[in-house]
*Asks:* 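Pasting in a structure now, in structure tokens, and then I'll have a few things to ask.
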Amino acid sequence: MDVVTWNVNSLRARLPRVLEFLETESPDVLLLQETKVEAADFPVDELRAAGYEAVHHSAGRWAGVAILAREGLALADDSAGLPGEVQADEARWVEATVGGIRMCTAYVTNGREVGSAWFDEKLAFFDAMAARVAHLRADGTPVIVGGDLNVTRDDRDVYDVAAFEGETHVTPQERERLETIITDGGLLDAYRLVHPDDQQFTWWDYRQGHFHRGLGLRIDYLLVSEALAGGVRECGILRDFRKGTKPSDHAPLRVRLDLP
DNA sequence: ATGTCACACCGTGTGTGA
């Protein structure tokens, strides 16, 4: 099974690239973040024409998450929102079951400035995520949590640690919470599982030619239950989709796994 | 160099969020 996570930075603006992706890569499941679309405007028909069913949690011009599954795969028991999240109207979490796996996707709050109310909201969102994945673990259902978690796991995931001194995405508070999500959820970071020593990024600022200069962060993740980890064959970042016409500032991240 | 992008708004630029 191929599962991909991709922050598309507006599904309407990115629809041509998303349809291109579905056509050329034909993932089984595509987890989307920052769809930035009203629920009534979600492109259900275009995606169905491409052979994909969707569930989504949409809140208009900001945030928004969705799960796409290839036709023929049952996309069941979808649930929008994260229990315990502070801003329940922001559309940052949705989950559904596909192929016996509980697929969860998150678009974590940016946090803006360390110490701000937005930063506190970000830490609270991580805490709610940890509680949710612990609950799912207790249920015994295999889980994949994918999304833009807006935090680097460690310094290898940052192009220049000095450039991020005092900034969000690199603080111990954020990183400790990511580790707690991984530990409490019984999860593994699929990219690190396959690439224990590499430095590759999933996001590059649009400005200053950062992509072409190789200046990015690894802030998008696919976290898989331990029960699935043995089946992981491949995990990689599809950098080509950060190139070309009107790209997102994030590249898709894909895991290929054999189901237990 | 806060240098890009996307969205809303009666709009042909400005504010907001990333």
*Asks:* With a 4.0 Å limit, can you tell me whether A/Ser10 has a side-chain N or O closer than that to the phosphate oxygens OP1/OP2 of B/dC5?
*Replies:*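 No, no such contact exists.
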*Asks:* Does a nitrogen or oxygen in the side chain of A/Arg61 sit under 4.0 Å from OP1 or OP2 of B/dC9?
*Replies:*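 False: A/Arg61 side-chain N/O out of range (4.0 Å or more) of B/dC9 OP1/OP2.
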*Asks:* For the residue pair A/Phe201 and A/Trp204, categorise the inter-ring angle as parallel (less than 30°), tilted (30 to 60°) or perpendicular (more than 60°).
*Replies:* perpendicular
*Asks:* Quick check on DNA chain B: between A/Asn7 and A/Gln208, whose nearest nucleotide comes earlier from the 5' end?
*Replies:*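 Per heavy-atom nearest nucleotide, the more 5' residue is A/Gln208.
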*Asks:* So, does A/Lys36 get its side chain near the phosphate of B/dG17, meaning an N or O under 4.0 Å from OP1 or OP2?
*Replies:* no
*Asks:* Select from A/Leu11 and A/Asn150 the residue whose nearest nucleotide in DNA chain B is closer to the 5' end of that strand.
*Replies:* A/Leu11
*Asks:* Show the nearest heavy-atom pair for residues A/Leu259 and A/Ile101, with the distance to one decimal.
*Replies:*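 In this case the closest contact between A/Leu259 and A/Ile101 is CD2-CD1, 3.6 Å.
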*Asks:* Write down the distance separating the C1' atoms in B/dT2 and B/dG17, rounded off to the nearest Å.
*Replies:*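 That atom pair is separated by 13 Å.
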*Asks:* Can you tell me the distance, in whole Å, between the CG atom of A/Asp205 and the P atom of B/dA18?
*Replies:*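 Distance, rounded to whole Å: 14 Å.
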*Asks:* When rounded to the nearest Å, what value does the distance between C1' atoms of B/dT12 and B/dA8 take?
*Replies:*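 About 15 Å, rounded to a whole number of Å.
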*Asks:* How many Å lie between CG on A/Leu215 and P on B/dT2, as a whole number?
*Replies:*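 A/Leu215 atom CG is separated from B/dT2 atom P by 14 Å.
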*Asks:* Find the distance A/Glu167:CD to B/dA18:C1' and express it as a whole number of Å.
*Replies:*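 Rounding to the nearest Å, CD of A/Glu167 and C1' of B/dA18 are 13 Å apart.
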*Asks:* With a cut-off of less than 4.0 Å, is there a side-chain N or O of A/Arg112 near OP1 or OP2 of B/dG17?
*Replies:* yes
*Asks:* Once you round it to whole Å, what is the distance between P of B/dG3 and NE2 of A/His210?
*Replies:* 12 Å
*Asks:* Please state how far atom CG in A/Asn110 lies from atom P in B/dG17, giving the value in whole angstrom units.
*Replies:*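 Value for this atom pair: 11 Å.
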*Asks:* Give the rounded distance in Å between these two atoms: CD of A/Glu113 and P of B/dA18.
*Replies:* 12 Å
*Asks:* With rounding to the closest Å, how many angstrom separate the P atoms on B/dC10 and B/dT16?
*Replies:*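 Per the computed distance, 15 Å lies between those P atoms.
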*Asks:* Between A/Asp205 and A/Tyr159, is any side-chain donor less than 3.5 angstrom from a side-chain acceptor?
*Replies:*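 Not at all, the side chains of A/Asp205 and A/Tyr159 share no donor-acceptor pair under 3.5 Å.
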*Asks:* For A/Leu15 and B/dC7, what is the distance between atoms CG and P respectively, to the nearest whole Å?
*Replies:* 12 Å
*Asks:* Would you measure the distance from the C1' atom in B/dG11 across to the matching atom in B/dA6 and give it in whole Å?
*Replies:* 15 Å
*Asks:* Taking atom types as modelled, is there a side-chain donor on A/Arg175 or A/Thr152 under 3.5 Å from an acceptor on the other?
*Replies:*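 Yes - a donor-acceptor pair under 3.5 Å links their side chains.
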*Asks:* Rounding to an integer number of angstrom, what distance separates B/dG15 and B/dG3 when you compare their P atoms?
*Replies:*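 So the two P atoms sit 14 Å from each other.
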*Asks:* Is a donor from one side chain sitting under 3.5 angstrom from an acceptor on the other, for A/Asn110 and A/Lys122?
*Replies:* no
*Asks:* Would you say A/Arg12 reaches B/dC5's phosphate, i.e. side-chain N/O to OP1/OP2 under 4.0 Å?
*Replies:*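 No, outside the criterion.
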*Asks:* Are A/Val65 and A/Leu11 connected in the hydrophobic side-chain network, where two residues link if heavy atoms are under 4.5 Å apart?
*Replies:*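 No; A/Leu11 is not reachable from A/Val65 via cluster members.
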*Asks:* Heavy atoms under 4.0 Å, any strand shown: does A/Phe211 hit a base, just sugar-phosphate, or nothing?
*Replies:* nothing
*Asks:* Hunt down the Watson-Crick or G-U wobble partner of B/dT12, both distances under 3.5 Å, from any strand shown, or write none.
*Replies:* none
*Asks:* When the distance from CH2 of A/Trp62 to C1' of B/dA8 is rounded to whole Å, what number comes out?
*Replies:* 8 Å
